[in-house]
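Below is one structure, written out as structure tokens; comments come after it.
All values below come from the heavy atoms of this structure, side chains included, with hydrogens, waters and symmetry mates left out. This one's a predicted model, so the numbers in the text were calculated from it and none came from an experiment.
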Amino acid sequence: MRAVWYERTGAAATVLTVGEMPTPDAGPGEVRVRLEASGVNPADVGRRSGSYRQMEFPRVVPNSDGAGVIDQIGEGVTRFSVGDRVWLFNGQRNGRAFGTAAEYITIADHLVTPLADDVSFAAGATLGIPGMTAWCALFADGPITGQTVLVTGGAGAVGHYAVQLAKWGGARVIATVSSQVKEKQAQLAGADMVVNYRTEDVVAKAMAFTENRGVDRVVDVDFGGNLATTLKLMAQNSTIAVYATNGNRTPTVPVRELMEKCITVRSLVLFALPPALLAAAQQDITKWLAAAPRIHNIAGQFALAETAQAHLAVEKGDKIGTVIVDCAR
């Protein structure tokens with residue numbers, strides 16, 4: 001099979017190689033997917049660059065998310081059949097060296113989810129880390145019906161899904177953004193109020209929207225960078241769900257302030273979450289997709305041989321949505 005890999009960390013153009021590798025066979029409990037699309041996430045880029053951690057394996061095929069068609073079933077697998085359209089997550093995670101920047105992947109069947117015919121493979125490849133993280137940040141502690149949810153970075157890959165899923169879950173949604181273009185994206189996703197944090201007072205807007213009660217849940221793209229602001233707009237017995245903290249990776253956490261409002265900080269990273277929670281997320285995302293047309297933001301599409309350019313598009317930091325690698329071309 002054709003695949004892209006690296007054997008040392010560094011710049012994409014320097015370390016990523018395009019070539020031939022043996023096509024894997026599905027083992028017990030696994031399926032083999034003929035990949036049509038691979039989603040490139042910041043974590044994939046960080047692992048390849050070496051900014052997240054050093055090499056975990058002698059050779060790594062990057063990218064965690066993907067979508068395609070099952071073409072081989074391993075022993076003991078009963079949930080799927082050859083020919084099923086699917087999306088998948090955690091391809092290059094949890095002790096797995098070979099991700100989705102390839103023509104084929106073998107993967108445990110519990111990391112695979114059916115993909116409806118009316119959802120494209122490119123859209124399916126955006127559902128992994130962004131969609132699963134958004135769902136877990138919203139629903140890990142139970143229903144959010146009637147709550148007010150603040151989504152920071154409401155036009156980002158995770159944030160855009162979080163806005164859509166929160167509305168589906170019965171919440172009122174405030175989204176923060178940094179530009180007029182992103183404001184439009186958050187509005188299209190269904191946000192009840194959008195605040196440009198560069199030009200508007202997020203705290204004042206959020207408190208007015210909640211009649212000074214504060215928000216029940218924050219889905220936070222930058223815990224450390226946002227913390228001083230976030231603490232001012234939280235309601236009592238509320239939760240900050242943290243999936244990134246790039247603005248300040250080692251923030252000082254004012255525990256007393258958290259205690260006084262009984263604020264819970266839920267930190268999460270997708271590959272370490274409990275299997276039962278991930279399974280619930282897969283089931284709910286399937287229901288959500290079936291209920292109505294959804295917005296799947298694709299920031300750009302590249303051929304498999306152009307995976308280095310796809311990684312660079314993510315590194316630029318100005319994308320809206322998920323960068324996709326078309327594995328079949």
Side-chain angles (χ1 to χ4, degrees), residues 89 113 119 123 126-178 182-197 202-203 205-211 213-223 226 229-230 233-244 263-270 273 277-278 280-297 320-322:
F89 66 101
T113 309
V119 181
T126 71
L127 291 170
I129 286 178
M132 293 286 288
T133 299
W135 187 95
C136 292
L138 288 166
F139 300 106
D141 303 299
I144 58 173
T145 304
Q147 294 186 5
T148 301
V149 174
L150 170 66
V151 178
T152 64
V158 175
H160 202 251
Y161 275 141
V163 173
Q164 294 181 72
L165 283 162
K167 290 302 297 178
W168 175 74
R172 298 198 309 163
V173 182
I174 304 168
T176 65
V177 298
S178 60
K182 292 180 178 180
E183 179 178 357
K184 182 64 174 177
Q185 289 297 317
Q187 289 171 342
L188 288 172
D192 296 287
M193 184 174 74
V194 183
V195 184
N196 186 326
Y197 65 83
V202 177
V203 175
K205 288 270 191 175
M207 294 306 287
F209 183 79
T210 61
E211 299 179 339
R213 179 180 173 276
V215 304
D216 300 292
R217 194 171 192 91
V218 173
V219 177
D220 203 353
V221 68
D222 186 6
F223 177 69
N226 294 333
T229 298
T230 303
L233 50 76
M234 302 301 296
Q236 287 189 345
N237 300 297
S238 54
T239 299
I240 306 171
V242 182
Y243 66 91
I263 299 171
T264 298
V265 177
R266 169 177 278 279
S267 57
L268 55 93
V269 62
L270 194 61
L273 290 172
L277 186 66
L278 297 176
Q282 290 167 274
Q283 292 169 7
D284 253 11
I285 289 172
T286 297
K287 295 176 185 175
W288 168 72
L289 288 170
R294 305 303 179 185
I295 301 172
H296 309 282
N297 278 344
I320 294 180
T322 300

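For the pair Val177 and Tyr197, the minimum side-chain heavy-atom distance is 4.5 Å or more. When side chains are defined from C-beta on, Met234 counts as touching Val215, because their heavy atoms get closer than 4.5 Å. Residues Leu278 and Leu270 are in side-chain contact: their nearest non-hydrogen atoms beyond the backbone lie under 4.5 Å apart. For the pair Ile285/Thr113, no side-chain contact is recorded, criterion being any heavy-atom separation below 4.5 Å from C-beta on.
Taking OG1 of Thr210 as the reference point, atom CD of Gln147 lies at 13.0 Å (rounded to 0.5 Å). The distance from the CZ atom of Arg172 to the OG1 atom of Thr145 is 13.5 Å, given to the nearest 0.5 Å. The CG atom of Asp284 sits 5.5 Å away from the CH2 atom of Trp135 when rounded to the nearest 0.5 Å.
Within a 6.0 Å radius of NZ in Lys205, other residues, nucleotides and ligands contribute 12 heavy atoms or fewer.
For the residue pair Tyr161 / Thr133, no side-chain donor-acceptor distance below 3.5 Å is found, with atom types taken as modelled.
In this structure, Asp216 contributes its side chain and Thr148 its backbone to a donor-acceptor pair below 3.5 Å. A donor-acceptor pair under 3.5 Å is formed between the side chain of Arg217 and the backbone N or O of Ala137. Although no hydrogens or angles enter the test, the distance criterion places no donor-acceptor pair under 3.5 Å between the side chain of Ser178 and the main chain of Asn196.
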